[in-house]
Asker: 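Dumping the structure here so I can ask a few things about it.
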Amino acid sequence: MPAAVTPPTPPVPAETGPVPTDASPAVSSPTVPAPAGRLPRAVRVRFAALLAILGAAAGSLLLWSPTALLDGGLPPGVPPAPVFVAIYALGTVAFFPRPALNAAAGLLLGVQQGVVLAVLGTTLGAAMAFVLARRLGRDALRPYLRGRLLLSLDRRFTEQGFRSVFLLRLLPGLPFQAGNYGAAFSGVPFVPFVTATALGVTPLTAVYVTAAATAREPGSTAFLLSAGAIGVLCLVSLVSLWRAAARRRSTAA
């Protein structure tokens with residue numbers, strides 16, 4: 001009787017991957033980004049100083065009012081033009097409404113002198129706010145610039161500073177002070193910011209000053225034209241804001 005033949009043992013396939021050892025784990029854990037460190041102490045101190053200055057400026061309006069100070073008149077021998085420009089600039093830094101300051105310029109100084117001094121006061125106040133925010137607050141807030149919209153706005157203000165600030169000043173519905181600090185936190189240079197502000201605020205300032213200066217004659221041509229211009233500018237501002245919101249919704253979709 002023939003002996004039973006044992007079938008050959010099939011070869012064991014070799015492993016294709018590396019064999020895990022104690023020195024090299026089989027599964028590598030995902031890399032976790034290290035948390036951002038705290039801001040340097042000097043940056044935090046400057047930002048705290050900015051908040052203290054702005055808070056003190058805004059709180060000071062409880063003790064004085066730019067329009068009330070101008071309405072009370074100036075002491076004899078004091079040149080009215082520099083004092084008015086200084087009060088207007090300080091009121092702008094203290095978040096006092098610009099329409100009220102423009103109205104005071106029209107009522108106290110008339111159309112021509114009122115427009116010139118109001119534009120100078122607006123530009124000086126914007127420059128003061130810009131320098132404060134750029135020197136004291138920019139380094140503290142730049143690291144927190146996040147989101148597609150904020151990054152896009154920052155890039156546009158940095159690359160097209162003059163044009164962006166000029167268009168911003170033409171729209172009556174946007175907060176003036178917010179534009180000052182927003183531009184300061186971006187990369188807009190100082191000279192284009194000041195130049196665009198002076199040119200951009202002139203049309204709207206002239207409209208408000210003229211309306212206030214001719215308010216005693218509501219039937220006059222100047223008052224009717226200035227009042228109509230205010231209405232048109234407000235409508236244009238609303239349409240611009242609506243179109244910007246529509247573009248953001250379409251982009252998000």
Asker: With a 6.0 Å cut-off (strictly less than), is the heavy-atom count around CD of Q112, excluding the residue itself, greater than 12?
Answerer: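 Result for CD/Q112: open.
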Asker: Which pair of non-hydrogen atoms, one from G106 and one from A212, has the smallest distance, and what is that distance?
Answerer: CA-CB, 4.3 Å
Asker: Enumerate the ring pair (Phe, Tyr, Trp, His ring centres under 6.0 Å) contacts for residues 119-140, please, sequence neighbours excluded, ordered by first and then second residue.
Answerer: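 Output for this query lists F130-F190, F130-F193.
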Asker: V209 and side-chain contact (heavy atoms from CB on, under 4.5 Å): which single residue from L109, V116, V119, V115 fits?
Answerer: V115
Asker: Kindly work out whether a path of hydrophobic side-chain contacts (I/L/V/M/F/W/Y, heavy atoms less than 4.5 Å apart) joins V188 to V194.
Answerer: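 In one cluster with V188: V194, yes.
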Asker: Can you tell if the side chain of R98 reaches within under 4.5 Å of the side chain of Y88, non-hydrogen atoms only?
Answerer: yes
Asker: Show the nearest heavy-atom pair for residues L61 and A94, with the distance to one decimal.
Answerer: CD1-O, 3.2 Å
Asker: If you group Ile, Leu, Val, Met, Phe, Trp and Tyr by side-chain heavy-atom gaps below 4.5 Å, do V83 and L108 land in one group?
Answerer: yes
Asker: Side chains of P203 and L170, heavy atoms from C-beta outward: is any pair under 4.5 Å?
Answerer: yes
Asker: Just how far is it from atom CG of L124 to atom CG of L117, taken to the nearest 0.5 Å?
Answerer: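 One gets 12.0 Å once the value is rounded to the nearest 0.5 Å.
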Asker: Within the supplied structure, the quantity of interest is the number of heavy atoms (other residues, nucleotides, ligands) at a distance under 6.0 Å from R163 CZ; does it exceed 12?
Answerer: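 No, CZ of R163 has 12 or fewer neighbouring heavy atoms, counting only those of other groups under 6.0 Å.
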Asker: Donor-acceptor pair, distance only, cut-off 3.5 Å: does the side chain of S186 make one with the backbone of A183?
Answerer: yes
Asker: Any chance you could lay out the side-chain contact (heavy atoms from CB on, under 4.5 Å) test for F47 and D139, step after step, and finish with the verdict?
Answerer: CA-CA 8 Å; F47 185 66; D139 293 340; over 6 Å; no
Asker: Between the main-chain N or O of T92 and the side-chain N or O of Q177, is there a donor-acceptor pair closer than 3.5 Å?
Answerer: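 Between the backbone of T92 and the side chain of Q177 there is a qualifying donor-acceptor contact (under 3.5 Å).
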Asker: Apply ring-ring contact (aromatic ring centres under 6.0 Å, His included) to F185 and list each qualifying residue two or more places apart in sequence or on a separate chain.
Answerer: none
Asker: Measure the OG1-CG distance between T197 and N180 for me, rounded to the nearest 0.5 Å.
Answerer: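 Going from OG1 on T197 over to CG on N180, the span is 6.5 Å.
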Asker: I need the L167 CG to Q160 CD distance, nearest 0.5 Å.
Answerer: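 It is 9.0 Å, given to the nearest 0.5 Å.
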Asker: Enter the distance from F96:CZ to F176:CZ here, rounded to the nearest 0.5 Å.
Answerer: 14.5 Å
Asker: Test side-chain contact (heavy atoms from CB on, under 4.5 Å) on L50 and L132; report intermediate values, then the result.
Answerer: CA-CA 7 Å; L50 174 64; L132 282 174; 4.1 Å; yes
Asker: Between A58 and F95, what is the shortest heavy-atom contact and its length?
Answerer: CB-CD1, 4.0 Å
Asker: Roughly how far, to the nearest 0.5 Å, is CG of L136 from CG of L141?
Answerer: 11.0 Å
Asker: Distance check, rounded to the nearest 0.5 Å: I87 atom CD1 versus L101 atom CG?
Answerer: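 With rounding to 0.5 Å, CD1 (I87) is 10.0 Å from CG (L101).
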Asker: Taking all heavy atoms of V93 and all of G125, pick out the closest pair and write down the distance.
Answerer: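 It is CG2-O, 3.7 Å.
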Asker: With distance as the sole criterion, is a donor-acceptor pair present between the side chains of R169 and T202 under 3.5 Å?
Answerer: no
Asker: Tell me, please, which residues at least two apart from T123 pass side chain to side chain donor-acceptor pair (under 3.5 Å).
Answerer: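 None.
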Asker: So which atom in L90 and which in M128 form the shortest heavy-atom distance, rounded to 0.1 Å?
Answerer: CD2-CE, 4.0 Å
Asker: So, does S60 use its side chain to make a donor-acceptor pair with the main chain of A57 at under 3.5 Å?
Answerer: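 Judged by distance alone, yes, a pair lies under 3.5 Å.
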Asker: Under a 4.5 Å cut-off applied to non-hydrogen side-chain atoms, are F166 and T195 in contact?
Answerer: no
Asker: Please find the pair of heavy atoms, one from P66 and one from G91, that lie closest to each other, and give the distance.
Answerer: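 In terms of heavy atoms, the two residues are closest at CG-CA, 4.1 Å.
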